[in-house]
Number of protein chains: 2
Amino acid sequence: MATTRASSGRVRRRPTRSGVVLEPEMIIDAALRLIEAPGGNALTVRRLGVELGADPSAIYRYFRDLDALLIAIADRLISETLAGFEPGPDWKAALREMGRGVHDSMLRHPRLAQLRAIRFTAGPNELRADDIGIGLLLSAGFSAPDAVRHFRDFIDAVLSLAAMDAAELAPGQEEADKEALARAYATLSPEDYPNLAAVRDHLPQITASPFPGVLEKLISALALAAPGPSAP
Amino acid sequence: MATTRASSGRVRRRPTRSGVVLEPEMIIDAALRLIEAPGGNALTVRRLGVELGADPSAIYRYFRDLDALLIAIADRLISETLAGFEPGPDWKAALREMGRGVHDSMLRHPRLAQLRAIRFTAGPNELRADDIGIGLLLSAGFSAPDAVRHFRDFIDAVLSLAAMDAAELAPGQEEADKEALARAYATLSPEDYPNLAAVRDHLPQITASPFPGVLEKLISALALAAPGPSAP
DNA sequence: ACGCTTAGGTCAATGCGTTGACATAAGGAG
DNA sequence: CTCCTTATGTCAACGCATTGACCTAAGCGT
């Protein structure tokens with residue numbers, strides 16, 4: 001048999017002190033295992049080292065820093081989100097479905113949400129998502145520049161709001177905020193805040209996520225701007 | 001003379017090793033000085049200790065953690081943003097102005113942006129902003145529950161997008177992303193990504209901020225939903 | 001078979017936020 | 001004036017991400 005170097009790009013792997021031979025995929029797997037561990041957010045570089053049976057710093061031979069590792073994980077998740085997404089004939093419905101899919105996927109891994117909203121993974125899965133979305137807007141009758149611009153607006157709003165929702169899921173800090181908010185609303189003075197006082201009965205609903213409302217607003221604005229079949 | 005304890009809630013302040021007597025306001029001032037320092041992002045608890053002439057851990061006698069300190073700073077900034085904001089008769093224009101004001105203010109202090117988007121400061125300035133915004137939607141003819149819901153959607157979308165824009169301002173990581181994006185767009189295959197290929201000429205514009213576009217979409221969706229003067 | 005180069009594992013150290021134990025002076029009570 | 005309580009400053013330590021120096025064996029050319 002030939003040496004095992006055939007397909008792999010990396011060679012010269014040396015076994016760690018505990019005998020394991022590292023590979024990028026193996027690191028991503030271990031990291032995902034820690035991220036999804038019971039306590040949640042159990043991923044640290046040091047623990048990853050233990051999980052892999054290697055010195056923590058060995059990870060930096062494969063990923064520039066923790067961000068790069070998280071991005072690699074994120075691209076996997078995008079592909080999972082995309083799998084099974086089949087846009088129908090109604091571009092508005094398809095866009096809505098896409099938005100919800102992204103939102104759900106990001107809530108499933110809050111630790112990665114912030115990164116996914118901000119950074120470009122440059123992976124094929126992200127391009128695939130962009131291609132589908134822009135295709136939808138083109139099918140709605142938008143010109144090429146308008147489709148690009150509007151899709152960018154849409155997807156960035158969806159991503160950033162999803163990241164916001166994900167952040168509120170995180171530790172226990174948010175609970176304290178909710179209490180502070182309830183207290184503030186209970187004691188607000190009608191002289192200082194006449195409008196808040198006027199709608200006081202409806203303020204508690206603020207604990208719900210703004211995501212669905214914003215999603216509908218975006219789609220309705222796009223429908224309004226679209227040169228649809230009924231337009232001149 | 002009487003002792004100095006008169007107005008202040010805190011008593012028993014002991015001078016630090018270097019003779020300074022700490023106060024919460026003083027800590028906020030020092031922190032803002034570091035945040036706005038040349039290099040940017042120069043704020044660390046340890047440096048704050050040096051700046052104040054105290055042990056870093058002394059700060060934790062005044063703020064539960066760094067987050068709490070940042071929130072205290074954020075409430076100051078909200079008040080600055082609000083100062084000089086005078087809503088005119090046109091609710092759409094006023095909302096637009098408010099959105100831009102928030103966006104600008106958050107870009108001015110990227111370090112605080114993420115926190116301002118997610119956390120509730122419970123300060124009077126935040127309530128003031130909410131009061132004004134909801135007042136605008138009430139004046140547009142929305143019912144109380146609709147005004148609350150729509151304002152929540154609006155302000156959260158503005159906050160989260162502003163945080164996203166602010167994050168892209170941060171270190172040098174983003175530049176690498178832009179390059180990766182440009183490369184990806186230059187080499188994309190028309191077979192795999194037909195729609196992206198079709199709009200290829202317009203993709204470079206993606207580097208612009210999506211904020212203005214989203215702001216207009218939100219306002220136009222609200223205008224559509226509003227039971228305005230011309231509605232039944 | 002032998003030596004060279006070097007990828008990649010390991011170690012030690014940096015600065016970070018945060019915390020618990022400890023020390024001490026401020027200020028009230030008598 | 002003296003004593004006691006306790007707010008608040010200080011110190012040492014934790015685990016964190018990251019990095020530079022090192023060391024060693026994998027796999028090449030000969």
Side-chain angles (χ1 to χ4, degrees), chain A residues 1-27 30-31 34-35 39 41-71 73 111 114-115 170-173, chain B residues 1-6 8-24 26-27 30-31 34-35 39 41-71 73 111 114-115 170-173:
Chain A
M1 287 170 208
T3 62
T4 43
R5 74 178 285 280
S7 61
S8 162
R10 283 181 179 271
V11 287
R12 286 243 225 165
R13 261 93 48 88
R14 186 147 59 116
T16 70
R17 182 151 280 267
S18 71
V20 191
V21 174
L22 296 180
E23 290 224 42
E25 288 302 311
M26 187 182 305
I27 296 177
L34 288 176
I35 279 185
N41 279 342
L43 173 61
T44 71
V45 176
R46 292 166 125 91
R47 272 203 271 258
L48 191 49
V50 174
E51 177 83 9
L52 288 166
D55 188 276
S57 64
I59 288 142
Y60 293 91
R61 300 285 178 200
Y62 295 85
F63 299 93
R64 190 149 69 88
D65 54 16
L66 184 54
D67 263 25
L69 171 56
L70 292 176
I71 285 178
I73 301 173
R111 170 75 180 269
Q114 163 78 353
L115 217 52
Q173 195 70 267
Chain B
M1 288 168 209
T3 61
T4 41
R5 76 177 284 281
S8 161
R10 284 180 179 269
V11 287
R12 286 242 224 168
R13 262 94 47 90
R14 188 146 58 116
T16 71
R17 183 151 281 267
S18 73
V20 191
V21 173
L22 295 181
E23 290 224 42
M26 189 182 303
I27 296 177
L34 287 177
I35 278 184
N41 279 342
L43 173 61
T44 71
V45 176
R46 293 168 125 93
R47 271 204 272 258
L48 190 48
V50 174
E51 177 83 10
L52 288 166
D55 187 276
S57 64
I59 288 142
Y60 292 91
R61 301 285 178 202
Y62 295 86
F63 299 93
R64 189 147 72 89
D65 54 16
L66 183 56
D67 263 24
L69 170 57
L70 292 176
I71 284 179
I73 300 172
R111 171 74 181 269
Q114 163 78 354
L115 216 53
Q173 195 70 266

*Could you note down all residue pairs passing side chain to side chain donor-acceptor pair (under 3.5 Å) where residues 50-59 of chain A supplies at least one of them, sequence neighbours left out?*
Arg33(A)-Glu51(A), Asp55(A)-Ser57(A)

So which protein nitrogen or oxygen atoms get under 3.5 Å of nucleotides 13-17 of chain C's nitrogens or oxygens?
from    : atom 1 : to       : atom 2 : distance (Å)
dG17(C) : OP1    : Val45(B) : N      : 2.9
dG17(C) : OP2    : Val45(B) : N      : 2.8
dG17(C) : OP2    : Arg46(B) : N      : 3.3
dG17(C) : N7     : Arg46(B) : NH1    : 2.4
dG17(C) : O6     : Arg46(B) : NH1    : 3.1

Got a sec, which residues hit side-chain contact (heavy atoms from CB on, under 4.5 Å) with [X], two or more places apart in sequence or on another chain?
X: Val20(B); value: Thr16(B), Ser18(B), Met26(B)
X: Arg17(B); value: none
X: Ile73(B); value: Ile28(B), Ala31(B), Leu32(B), Ile35(B), Leu69(B), Leu70(B), Leu112(B)

Integer-rounded Å distance: [N] [atom2] and [X] [atom1]:
X: Arg64(B); N: dG20(C); atom1: CZ; atom2: P; answer: 13 Å
X: Arg61(B); N: dT18(C); atom1: CZ; atom2: C1'; answer: 12 Å
X: Leu48(A); N: dG15(D); atom1: CG; atom2: P; answer: 17 Å
X: Met26(A); N: dG8(C); atom1: CE; atom2: C1'; answer: 14 Å

*With the side chain of Pro15(B) defined as its heavy atoms from C-beta on, choose the nearest nucleotide among dA26(C), dG9(C), dT8(D).*
dA26(C)

*Taking the side chain of Asp55(B) as heavy atoms from C-beta outward, which of dG9(D), dC11(D), dT10(C) is closest to it?*
dC11(D)

_Determine whether a donor-acceptor pair (one donor, one acceptor, N or O, separation below 3.5 Å) exists between the side chain of Arg14(A) and the base of dT24(D)._
yes

_Donor/acceptor link under 3.5 angstrom from Arg17(A) side chain onto base of dG9(C)_ = no

Approximate separation, where rounding is to 0.5 Å, of [X] [atom1] and [Y] [atom2]:
X: Tyr62(A); Y: Leu22(A); atom1: OH; atom2: CG; answer: 4.5 Å
X: Thr44(A); Y: Leu66(A); atom1: OG1; atom2: CG; answer: 9.0 Å
X: Asp67(A); Y: Leu115(A); atom1: CG; atom2: CG; answer: 5.0 Å
X: Leu34(A); Y: Asn41(A); atom1: CG; atom2: CG; answer: 11.0 Å
X: Glu23(B); Y: Leu52(B); atom1: CD; atom2: CG; answer: 12.0 Å

*Have a look at Ala58(A) and say if it touches a base, only the backbone sugar-phosphate, or nothing, with a 4.0 Å heavy-atom cut-off.*
base

*Would you indicate what Ser57(B) reaches in the nucleic acid, counting non-hydrogen atoms under 4.0 angstrom: base, sugar-phosphate, or nothing?*
base

*Would you please confirm or rule out a distance under 4.0 Å between OP1 or OP2 of dA7(D) and any side-chain N or O of Tyr62(B)?*
no

Provide a list of protein-nucleic acid N or O atom pairs under 3.5 angstrom, restricted to nucleotides 2-5 of chain D.
from   : atom 1 : to       : atom 2 : distance (Å)
dT5(D) : O2     : Arg12(B) : NH2    : 3.1

